[in-house]
Amino acid sequence: MSVTTKAAPPPLRRPAPKVASPHRGGLLRSAGRALPLTPAVVLLLLFLAGPIVYCAYIAFTDLQLTGQAHSSFVGFDNFREAFRDDAFLNAVWLTLVFTVLSSLVGQNTLGLALAALMQRASKPVRTLVGAVVITAWVLPEVVAGFLLYAFFRREGTLNAILDWLHLPSQNWMFTLPILAVSFANVWRGTAFSMLVYSAALNEIPKEITEAAEVDGAGGWRRMWHITLPMIRRSIGTNLMLNTLQTLSVFGLIWVMTRGGPGDRSQTLPLFMYEQAFQNSMIGYGTAVALLLLVVGSLFSLVYMRLLRTEV
Amino acid sequence: MPVRPTAAPVLLATLLVATTLTACGSGSGSDPDTVKVSFKQSTDNSVRVMDTYLGEMKKQFEKANPGKKVELVPIKAPDSEYYTKLQQMLRSPKTAPDLVYEDTFLINSDITSGYLKPLDPYLDKWSDWGQFIDTAKAAAKAQDGKTYGVPDGTDTRGLWFDKGVFAKAGLPADWQPKTWDDVLDAARTIKKKVPGATPLNVYTGKPAGEAATMQGFEMLLYGTGDGTADPLYDTASKKWVAGSQAFKDALTFVETVYKEKLGPDVTDALDPNFATSVRGDLLPGGKLGIDLDGSWLPQDWLKGSGHEWPAWSRKLGLAHMPTQHGQAPGKVSMSGGWTWSIPSKAGNPALAFEFIKTMQTKANAQKWYIANSGIAVRKDVAADPAYTQAQPGIKFFTDLVASTHYRPAYPAYPKVSTAIQEAMESVTTGDSSVDKAASTYDEELKSATDDQVTRK
């Protein structure tokens with residue numbers, strides 16, 4: 001519960017109060033100081049901690065949306081069930097593939113490349129490219145989903161281009177569904193990485209780059225030995241935010257493939273939705289959601305380590 | 001650094017408990033003179049059939065019952081999300097409406113959850129109830145023998161065929177297959193003689209959802225055997241049927257359709273939006289030979305629906321789906337439909353039933369069946385020429401009610417249905433053989449029904 005701790009009032013160290021009963025006075029005083037924060041804390045507890053605690057509780061019951069008169073506490077059954085369930089393991093695997101492909105490799109690298117290229121580009125090119133990339137980012141997820149559905153479908157734009165080039169066309173969302181949705185996520189989310197890296201690259205002092213240039217370092221060497229180490233922290237932050245965002249992508253995949261065909265693009269959020277709301281098994285679905293949270297925190301831990309290493 | 005205990009946490013806890021308690025508190029707060037009616041609003045903005053009809057009923061009811069009011073609470077969502085939303089509303093007296101529109105697909109599940117009120121005390125005193133046909137009455141009857149809903153019509157299923165495609169293939173305009181093989185043979189002829197047309201559509205796989213199970217698989221499965229025993233659920237032992245030859249035969253039919261390329265391209269068939277293209281593009285465009293589909297299709301082609309196609313009745317023919325080998329009764333159909341039900345947490349159940357009565361006078365029921373291409377479940381309407389002649393095809397589909405089947409819509413059914421879709425999908429794509437798919441289904445069935453399985 002790092003959130004609540006963060007929001008709670010930090011005990012302020014001030015010169016000790018000169019009153020007869022310091023203990024009682026201190027208590028009153030800190031209560032008084034905490035008072036203005038109360039509404040914020042109440043809201044956080046109510047709308048953030050409350051649902052999370054309730055969710056965690058439900059994950060240990062066999063609660064169903066329908067088809068059941070009473071629910072009961074079942075301990076770790078839902079979690080055991082998940083690890084026995086091939087569909088769940090498949091979803092975990094696909095989630096990893098989707099995250100690595102679209103976030104780590106796609107959005108992150110492409111964002112960095114775009115940012116680096118734009119540093120050198122002329123102003124009109126920079127404005128134009130920036131506008132195009134950011135448009136994809138501000139589009140609502142569902143709209144982006146429909147656009148990419150139209151791009152990949154059998155009579156879609158991609159196949160029209162392939163036909164024109166006399167290359168074989170196919171239904172991409174059927175033959176390579178996880179690649180298609182990963183590409184869609186790259187298309188949609190690259191802008192964020194680009195913005196983060198643009199800001200980071202602008203922070204690098206010109207003198208360092210110039211000095212390296214004078215010493216005869218080529219473009220790649222400067223990138224590898226100077227730029228990358230200097231923006232290391234930004235890479236960590238960007239990877240963490242990107243990954244967490246990608247792990248919870250639902251609308252995009254739902255619109256494009258509904259997790260299909262079969263379950264070949266069914267990532268964890270879609271699997272959870274199917275269990276909780278289509279099969280009505282709220283308890284099981286919530287357990288899966290908690291496991292998704294665990295996957296997210298594992299990724300975060302790795303990045304935190306990366307962040308901690310000082311340059 | 002640990003947070004020092006202050007008065008704040010105590011205050012917080014109290015507040016939290018207080019708010020939670022209020023949220024869970026009873027007292028629906030509903031006005032005793034208002035009936036709140038929840039229904040499924042079409043996601044297609046151009047389709048306003050139900051809104052228009054309910055608006056008219058509201059006017060009639062308020063006029064006949066001075067001082068009483070009807071509040072319409074539309075839920076705009078696709079089927080599966082409508083159920084979810086509704087079930088969430090039914091859980092609490094604060095959100096439960098007085099009257100809900102329930103799909104017979106899930107009604108037993110909602111009854112088991114205790115969401116609905118038995119209507120028998122009201123039905124006993126309602127003379128019109130005698131006009132409802134028995135199979136329809138059974139659709140909303142729970143395992144406890146009580147009735148939980150008043151059906152507002154039903155649907156049946158059959159074979160739609162394109163007369164233009166048939167003429168080109170040299171097939172008769174009054175086509176009526178006698179066996180499954182006749183259907184496949186006609187499709188093979190179309191494939192050979194009419195290139196460019198899809199010979200036969202059978203919905204399949206998870207993306208098609210319940211359409212794959214009901215319009216596709218069950219239309220085949222219930223045409224096996226002697227037509228009396230339920231091939232999916234054994235009523236006597238209250239167990240689900242596993243390992244049956246009938247199941248494999250139905251799967252073999254699906255496999256044949258897609259293996260011999262008699263059906264739509266597999267990648268199209270598994271597109272979640274395929275049903276929309278069938279109704280909006282393939283059939284009106286003369287690009288589909290035979291379509292195994294429901295009685296409601298013309299609803300999309302009516303005037304003012306946004307996809308007007310008045311010529312359909314001249315361009316399309318209708319045939320009933322035959323049984324496997326032509327055994328009695330010769331034809332097969334599946335039925336579902338929706339009912340009006342009263343939530344157990346409704347504030348004004350009696351008034352809600354009065355509103356059902358208004359909607360189900362003979363005249364109003366008839367108006368509704370015609371407006372939504374529904375099939376009458378009232379004997380007096382079914383016999384009325386004004387109804388049977390209102391639309392081409394109505395008589396054909398109404399006559400099928402005599403030989404129709406209802407799904408075993410018990411709480412496990414939605415999961416069983418998903419297992420069927422997965423089996424269909426794996427033979428459609430060719431990922432597994434019929435035997436393998438059937439044995440996977442048997443496994444799935446065990447876990448979906450808590451091992452309530454019998455082998456046949």
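Reminder, nothing fancy here: chain letters follow the sequence lines and each chain counts from 1.
Proximity to chain B is absent for every atom of A/Y54, based on heavy atoms less than 4.5 angstrom apart. Proximity to chain A (any heavy atom under 4.5 Å) is shown, for B/T267, by both the backbone and the side chain. Of the atoms belonging to B/E425, it is side-chain heavy atoms, and not backbone ones, that fall under 4.5 Å from chain A.
The six-membered or imidazole ring of B/Y83 lies away from that of A/F277, with a centre-to-centre distance of 6.0 Å or more.
Taking every heavy atom of both residues into account, B/P97 and B/S38 meet most closely at CG-OG, 3.3 Å. The heavy-atom pair separating B/Y82 from B/A77 by the smallest distance is N-CB, 3.8 Å. Counting all heavy atoms, side chain and backbone alike, B/G216 lies closest to B/V202 at CA-CG1, 3.9 Å.
Side chain of B/N108 to backbone of B/A409: a donor-acceptor contact under 3.5 angstrom is found. With hydrogens and angles disregarded, a donor-acceptor distance shorter than 3.5 Å links the side chain of A/T257 to the backbone of A/G259. A donor-acceptor pair is defined here as one N or O able to donate and one able to accept, closer than 3.5 Å; such a pair exists between the side chain of B/S277 and the backbone of B/F274. Remark: side-chain polar atoms of A/T267 are not paired, donor with acceptor, to backbone N or O of A/A91 under 3.5 angstrom.
Per-residue counts of heavy-atom pairs under 4.5 Å with chain A were compared for B/D271, B/L90, B/D431, B/T429; the largest is that of B/D271.
Using a 30° and 60° split on the angle between ring planes, A/W254 and A/F250 fall in the parallel class, below 30°.
With A/Y284 as the partner, the side chain to side chain donor-acceptor pair (under 3.5 Å) test is satisfied by one option alone out of A/D62, A/N279, A/D85, A/T61: A/D85.
Of residues 70-81 of chain A, no residue lies under 4.5 Å from chain B by any heavy-atom pair. Of residues 167-177 of chain A, those residues with a non-hydrogen atom less than 4.5 Å from any non-hydrogen atom of chain B are, in numerical order, A/N171, A/F174.
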Side chain to side chain donor-acceptor pair (under 3.5 Å) evaluation trace for B/E443 with B/S447 = CA-CA 7 Å; B/E443 283 304 306; B/S447 68; over 6 Å; no

